[in-house]
Amino acid sequence: MAPTSSATDTARAGEDAVVLTRGLIRRDSTNRGGGEGDERAAAEYAAEALTDAGLAPVVLESKPRRANVVARVPGTDPDAPALLVHGHLDVVPADAADWTVPPFSGEIADCPVTGLPALWGRGAVDMKNTVGMVTAVVREWARAGVRPRRDIVLAFVADEEDSSEHGAEFLVRRHADLFEGCTEAVGEGGGETVYARGVDGRTVRLYPVGAAERGSAWLTLRAAGTAGHGSRPPRDNAVASLAEAVVRIAVHRWPLHPTPVVRAALDGIAAALGVERAPGDADTDEAVEALLARLGTAAPLVSPALRNSAAPTMLSAGYKVNVVPGEATAGVDGRVLPGAAADFERTMDALTGDRVSWEYAHSSPPVSAPVDSPAFAALRAALLEQDPGAHVVPVCLSGGTDAKVFARLGIDCYGFSPSWQPEGLDYTGLLHGVDERVPLEGLRFGVRALDRFLRA
């Protein structure tokens with residue numbers, strides 16, 4: 001059974017969250033990349049809902065149809081630092097032919113895995129659910145005459161699923177004044193139930209909260225050579241040079257770089273599972289692999305964030321099979337841990353060699369926030385109030401969110417999109433996946449946890 005709450009003021013907000021999330025899903029805001037997206041309808045819907053709560057949201061477009069919504073909820077203590085709550089309105093594409101229900105219908109139907117009622121549609125977990133839950137909370141506050149202790153800035157943005165250029169990047173660059181006074185933020189990247197099973201068979205409920213993110217390092221590799229006829233190939237073949245570099249990158253074993261957040265994650269997960277730790281068990285390949293094995297199904301929460309990474313993802317060369325091209329290019333998706341950027345660049349220089357150059361196509365820095373802060377303690381308390389037998393652990397996200405952008409304003413950013421998930425449902429598989437859906441009780445849980453935290 002899902003954890004319950006007797007708070008009657010959030011019961012109505014929970015049902016409102018279902019309605020709001022459903023309305024957002026029905027407003028197709030697909031981001032196809034390369035600047036192609038349209039969040040306007042979703043932004044207008046969110047702005048109208050916030051206006052109903054007595055707020056004065058502004059809709060800001062970076063270019064036509066690339067819309068963002070920002071509103072400030074005034075707190076009772078004008079001297080308290082403000083909190084930013086951010087979420088994105090855009091979603092990745094969905095092919096209706098692959099789905100059980102139309103991906104933008106917002107249907108409510110039982111989940112075939114759990115049998116529980118769920119809201120289906122693109123964005124149900126990434127992340128129109130959170131936008132709907134946050135909006136429902138502030139609407140309930142308006143009905144009940146509740147005000148938070150500190151100002152809360154709501155930012156529902158465009159373009160997170162691509163480069164953030166038309167969303168968070170645009171707002172920070174052009175409208176930083178809207179975030180005046182914000183010292184902490186919550187957004188995507190944590191707060192959902194994870195059922196972890198250790199090697200001894202013990203199962204515990206974990207709630208990971210994002211306290212760090214690897215930076216993005218999207219690279220373009222370029223090899224130059226001599227163009228010529230395929231029957232008389234030159235020795236300096238650009239395709240061959242590039243291919244050799246790509247293989248070196250693909251097979252490279254990056255060294256361990258356990259950050260403070262990752263070490264805290266290992267501590268928290270091991271304690272929850274009753275796994276004994278040994279000194280230095282996160283400092284060598286052999287020791288950390290043994291530790292991860294003892295963490296069982298919880299290992300994926302930390303294993304991708306123990307190292308930098310670089311994955312070749314694109315190749316391009318030539319225009320005809322009997323013509324040797326003079327240039328070949330490749331794309332590499334690099335991810336960089338806090339404090340490991342210099343090592344990443346030195347390693348890429350070595351792996352590409354003399355015949356291949358590389359440059360950043362897009363980069364964003366890694367970010368990290370303290371895990372011993374009052375903010376993290378408040379996040380933990382909000383989750384444990386709803387699920388007292390669970391364990392809240394900090395994690396470093398292997399990918400990235402808009403936190404990378406907002407952190408440039410000096411804001412400590414945490415991943416907190418709370419949602420109860422039933423055991424057996426592959427939550428991470430639903431992100432960007434087919435038949436994306438969120439349990440209705442997950443939305444209700446999230447409203448209660450957000451109400452608790454946002455009032456702190």
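Here the structure is a predicted model, which means the values were calculated and not measured. Side chains included, hydrogens not; waters and symmetry mates left out as well; all remaining heavy atoms used. Positions are given from 1, in the same order as the sequence printed here.
Annotation: side chain of D126 is not in contact with side chain of V91 (no heavy-atom distance under 4.5 Å). Between E423 and T114, every side-chain heavy-atom pair lies at or beyond the 4.5 Å cut-off. The shortest distance between side-chain heavy atoms of R437 and L430 falls below 4.5 Å. Between V336 and R214 there is no side-chain heavy-atom pair separated by less than 4.5 Å. Put simply, the side chain of T401 reaches to within 4.5 Å of the side chain of E160, judged on heavy atoms. Residues V447 and E140 form no side-chain contact, since every pair of their non-hydrogen atoms from C-beta on lies 4.5 Å or further apart. V395 has its side chain out of reach of V261: every pair of non-hydrogen atoms, C-beta onward, lies at least 4.5 Å apart. With a 4.5 Å cut-off on side-chain heavy atoms, L60 and L178 count as touching.
Looking only at distances, a side-chain donor or acceptor of D162 sits under 3.5 Å from a matching main-chain atom of G34. Counting only distance, with no hydrogens or angles, the side chain of Y45 and the backbone of R26 share no donor-acceptor pair below 3.5 Å. Side chain of R72 to main chain of P57: no donor-acceptor pair is present (N/O by atom type, distance under 3.5 Å, no hydrogens or angles). Not one N or O on the side chain of S216 forms a donor-acceptor pair closer than 3.5 Å with the backbone of S364. In terms of modelled atom types and a separation under 3.5 Å, the side chain of Y195 and the main chain of Q421 share a donor-acceptor contact. In this structure, the side chain of K128 does not engage the main chain of T21 through any donor-acceptor pair within 3.5 Å. Within the 3.5 Å criterion, the main-chain N or O of H362 finds no donor-acceptor partner in the side chain of S163. Judged purely by atom type and a 3.5 angstrom limit, W120 has no side-chain atom pairing as donor or acceptor with the backbone of V101. The backbone N or O of A158 sits nowhere less than 3.5 Å from a side-chain atom of D90 that would complete a donor-acceptor pair. At least one donor-acceptor pair closer than 3.5 Å links the side chain of T284 to the backbone N or O of A287.
Here the CG atom belonging to L450 is positioned 5.5 Å from the CZ atom belonging to F416, to the nearest 0.5 angstrom. Distance OG1/T193 to CD/Q386: 11.0 Å, rounded to 0.5 Å. With rounding to the nearest 0.5 Å, the separation of CZ in R448 from CH2 in W420 is 10.0 Å. Separation of atoms CG (L292) and CD1 (I269) is listed at 9.0 Å; rounding is to 0.5 Å. Going from atom CG of D77 over to atom CZ of R147 covers 10.0 Å, rounded to the nearest 0.5 Å. For the atom pair C396 SG and L301 CG, the distance stands at 12.0 Å (nearest 0.5 Å).
Ring geometry for F170 versus H175: interplanar angle over 60°, hence perpendicular rather than tilted (30 to 60°).
A cation-pi geometry, defined here as NZ or CZ lying under 6.0 Å from the six-membered ring centre and within 45° of its normal, does not hold between R307 and W254.
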Criterion side-chain contact (heavy atoms from CB on, under 4.5 Å) on L440 and I108, from CA distance to verdict
CA-CA 9 Å; L440 298 189; I108 295 176; 4.0 Å; yes
Give the C-alpha distance, both sets of side-chain angles, the deciding distance and a yes or no for side-chain hydrogen bond (donor to acceptor under 3.5 Å, both in side chains) between D451 and T10.
CA-CA 8 Å; D451 175 70; T10 55; 5.6 Å; no
Starting from the C-alpha separation in whole Å, work towards a yes-or-no answer on side-chain contact (heavy atoms from CB on, under 4.5 Å) for M348 and L219.
CA-CA 10 Å; M348 291 308 304; L219 312 179; 3.6 Å; yes
What verdict does the side-chain contact (heavy atoms from CB on, under 4.5 Å) test give for V131 and L154, after you've listed the backbone C-alpha separation in whole Å, the side-chain angles of each residue and the deciding distance to 0.1 Å?
CA-CA 9 Å; V131 174; L154 308 178; over 6 Å; no
Working note: L295 + V275, criterion side-chain contact (heavy atoms from CB on, under 4.5 Å); need CA distance, chi angles, decisive distance, verdict.
CA-CA 7 Å; L295 297 185; V275 172; 4.2 Å; yes
Apply salt bridge (Lys or Arg N to Asp or Glu O under 4.0 Å) to residues E107 and R22 and explain how you reach the verdict.
CA-CA 8 Å; E107 288 194 22; R22 194 177 196 184; over 6 Å; no
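Scanning both residues, K63 and H166, for their nearest heavy atoms gives CD-CE1, 3.8 Å. Annotation for L119 and G106: closest pair CD1-O, 3.3 Å, computed over non-hydrogen atoms. Listed here is the closest heavy atom pair of F453 and A382: CB-CB, 3.8 Å. Nearest heavy atom pair, residue L337 against residue A305, reads CD2-O, 3.2 Å. Of all heavy-atom pairs spanning E345 and Y360, the tightest one is OE2-OH, 2.8 Å. In plain terms, the two heavy atoms of V153 and F179 that are nearest each other are CG1-CD2, 3.9 Å.
Ion pairing between D16 and R143 holds under the 4.0 Å rule for side-chain N and carboxylate O. Under a 4.0 Å N-O distance rule, the pair E39/R27 does not qualify as a salt bridge. Residues R66 and D38 are not paired through a salt bridge, judged by the lack of any N-O separation under 4.0 Å between the basic side chain and the carboxylate. By the 4.0 Å N-to-carboxylate-O rule, R263 lies too far from D267 to be salt-bridged with it. A salt bridge does not link R65 to E36: none of the charged side-chain nitrogens sits closer than 4.0 Å to a carboxylate oxygen. Between R150 and E184 there is a salt bridge, since at least one side-chain N of the basic residue sits less than 4.0 Å from a carboxylate O of the acidic one.
Counting only N and O atoms by type, the side chains of D9 and W141 include no donor and acceptor under 3.5 Å apart. Defined by atom type and a distance below 3.5 Å, a donor-acceptor pair is present between the side-chain atoms of T428 and D426. Using modelled atom types and a 3.5 Å distance limit, the side chains of K404 and S164 yield no donor-acceptor pair. Between H257 and D343, the side chains place no donor N or O within less than 3.5 Å of an acceptor N or O (distance only, hydrogens not considered).
A distance of 6.0 Å or more separates the ring centres of H86 and F156.
Heavy-atom neighbours of R174 CZ from other residues, nucleotides or ligands within 6.0 Å: at or below the threshold of 12. By the neighbour-count criterion of 12 heavy atoms within 6.0 Å, atom CZ of R197 is sparsely surrounded, having that number or fewer from other residues, nucleotides or ligands. Around atom CZ of R32, no more than 12 heavy atoms belonging to other residues, nucleotides or ligands sit under 6.0 Å away. For E180, the CD atom sits in a loose shell: 12 or fewer heavy atoms of surrounding residues, nucleotides or ligands are nearer than 6.0 Å.
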